[in-house]
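I have placed the structure first, in the form of structure tokens, so that the comments after it can refer back to it.
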Amino acid sequence: MSSTTTPRVLDGTAIAAEIKSELVSKVAEAKHRGYTPGLAVILVGENPASQLYVKSKVKTCAELGIYSEMHTPHESVTTDQLLALVQSLNERNEIDGILIQLPLPAHVDTELLLEAVIPEKDVDGFHPINAGRLLSGAPSEKVLAPCTPAGIMEMLHRSNIPISGQRAVVIGRSNIVGKPIAAMLINASATVTVCHSRTRNLPEIVREADIVVAAIGRPGFVTPDMVRPGATLVDVGINRITDPAEFNRFFANSPSRQESFAKRGSTVVGDIDPAAFALSSAYTPVPGGVGALTIAMLMSNTVKAAAMRRS
Ligand code: NDP
């Protein structure tokens, strides 16, 4: 069974470029009003993946004209020392957003630290006050929402995917993706079901969806038999695979992937089996889909936080 039309690729890279170019104008407008949006990033220790993420965030700030500064305490920093740093950033007027790069070392109290960031500067949208505002359906221009789900909503809106009245199934219930995207879809008047590892009859539930959001962390978990033809498939998963047998399960028919797998010994696959995309009306590729939007939404939250604090 296949969809009657060719599926549309929801190009996260192109949408992120569009959002960033709009932000350039907003930053110029802010400067005209006498302030420059500013982001402070706290990176503890030397985790190479975190260093890479932070570098790319700081670089994007520079591209958009956003002020940024990095704080790089040693791995052995205490929770109290980090709380003092957050407190000082909370108090500085030129800092509009505070981002604490996760994961933090095990001895640091992550929850305490995330809650120490004042909600007005919580550009990751992780503070319970912002989570509560999102859940209560406050207008989106007044909420700092988590970046990955906010990026998904931008992508759906900008691609004119209908949401109101649609049946959406979210797989995964993390605080970072699953729960906030479920709240955003409800706020946009979808009928939402959230599935997780204890859900019974998961394939049956997913088959009813007009919109599937997969945020599980398991390569190709959503198989073609779980997808209703014509559904929109949003793949949040980023799973690096190195096993040739697993690679062949997904990409046996993709010469370009084969070439890069042979060269690098690994590739990235989402939580949706790429074979399922053919059944959809629209889907987000991995890479180049949802992941491409996360940094753009962090920038958007920083500019929004700066404007909100001054309004
Ligand atoms: P978490 O590990 O925090 O949550 C995974 C969720 O999936 C849990 O709710 C879990 O259920 C559920 N789950 C796990 N196994 C199954 C199963 N067999 N059947 C049904 N549900 C299952 O993950 P995140 O939300 O942080 O991330 C999910 C994926 O998204 C990852 O691949 C991650 O790398 C990616 N990601 C991508 C981002 C981006 O920018 N594109 C940003 C953030 C994440 P339960 O709660 O019952 O354990």
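Remember, it's a predicted structure, so these values are computed and weren't measured experimentally. Sequential numbering from 1 along the given sequence is applied to the chain's residues. Both counts, for ligands and for their atoms, begin at 1 and track the order of listing.
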Part of [X] with heavy atoms under 4.0 Å of ligand 1, whether side chain, backbone, both or neither:
| X | answer |
| --- | --- |
| L293 | neither |
| T148 | side chain |
| T199 | neither |

* Asked: So does D96 pair up with R310, basic N to acidic O under 4.0 Å?
  ->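 So D96 pairs with R310 through a salt bridge.
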Protein contact to [atom] [nearest heavy atom, distance to 0.1 Å]:
| atom | result |
| --- | --- |
| atom 4 (O) of ligand 1 | S174 CB, 3.9 Å |
| atom 17 (C) of ligand 1 | F221 CE1, 3.7 Å |
| atom 31 (C) of ligand 1 | G217 CA, 3.6 Å |
| atom 12 (C) of ligand 1 | I216 CG2, 3.9 Å |
| atom 11 (O) of ligand 1 | S197 N, 3.3 Å |

* Asked: Regarding D80 and T78, is there a side-chain donor-to-acceptor distance under 3.5 Å anywhere?
  ->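 Note: D80 and T78 side chains miss the donor-acceptor criterion.
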* To do: Indicate whether the side chain of T232 and that of R8 have a donor and an acceptor atom separated by less than 3.5 Å.
  => no
* Return yes when at least one protein heavy atom is under 4.0 Å from atom 27 (O) of ligand 1, and no when none is. => no
* Asked: Are L89 and E69 close enough, and set up right, to give a side chain to side chain contact (heavy atoms under 4.5 Å, CB included), and what steps lead you there?
  -> CA-CA 11 Å; L89 296 169; E69 61 182 42; 3.6 Å; yes
Proximal candidate to [atom] [heavy atom criterion; set [options]]:
| atom | options | value |
| --- | --- | --- |
| atom 34 (O) of ligand 1 | I176, I238, V177 | I238 |
| atom 46 (O) of ligand 1 | R198, M297, R173 | R173 |
| atom 21 (N) of ligand 1 | H196, R218, R240 | H196 |

* Between D273 and M226, does a side chain to side chain contact (heavy atoms under 4.5 Å, CB included) hold up when you go through it step by step? -> CA-CA 10 Å; D273 182 340; M226 296 187 201; over 6 Å; no
Subset of ligand 1 atoms that lie under 4.0 Å from at least one heavy atom of [X]:
| X | value |
| --- | --- |
| G172 | 6 (C), 7 (O), 9 (O) |
| V236 | 30 (O), 35 (C), 36 (N), 37 (C), 41 (N) |
| N239 | 32 (O) |
| T294 | 39 (C), 40 (O) |

Measuring from [X]:[atom1] to [Y]:[atom2], what's the distance to the nearest 0.5 Å?
| X | Y | atom1 | atom2 | answer |
| --- | --- | --- | --- | --- |
| M308 | N301 | CE | CG | 8.5 Å |
| R207 | L202 | CZ | CG | 10.0 Å |
| K57 | C147 | NZ | SG | 7.5 Å |

* Side-chain contact, heavy-atom cut-off 4.5 Å: P146 with V177? ->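 In short, these two side chains do not touch, never coming nearer than 4.5 Å.
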* Asked: Looking only at heavy atoms, what is the nearest atom pair of I241 and F261, with distance?
  ->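 Where I241 meets F261 most closely, the heavy atoms are O-CE1, 3.6 Å.
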* Asked: Among the heavy atoms of A215, does any lie under 4.0 Å from an atom of ligand 1?
  ->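 It does; at least one heavy atom falls under 4.0 Å.
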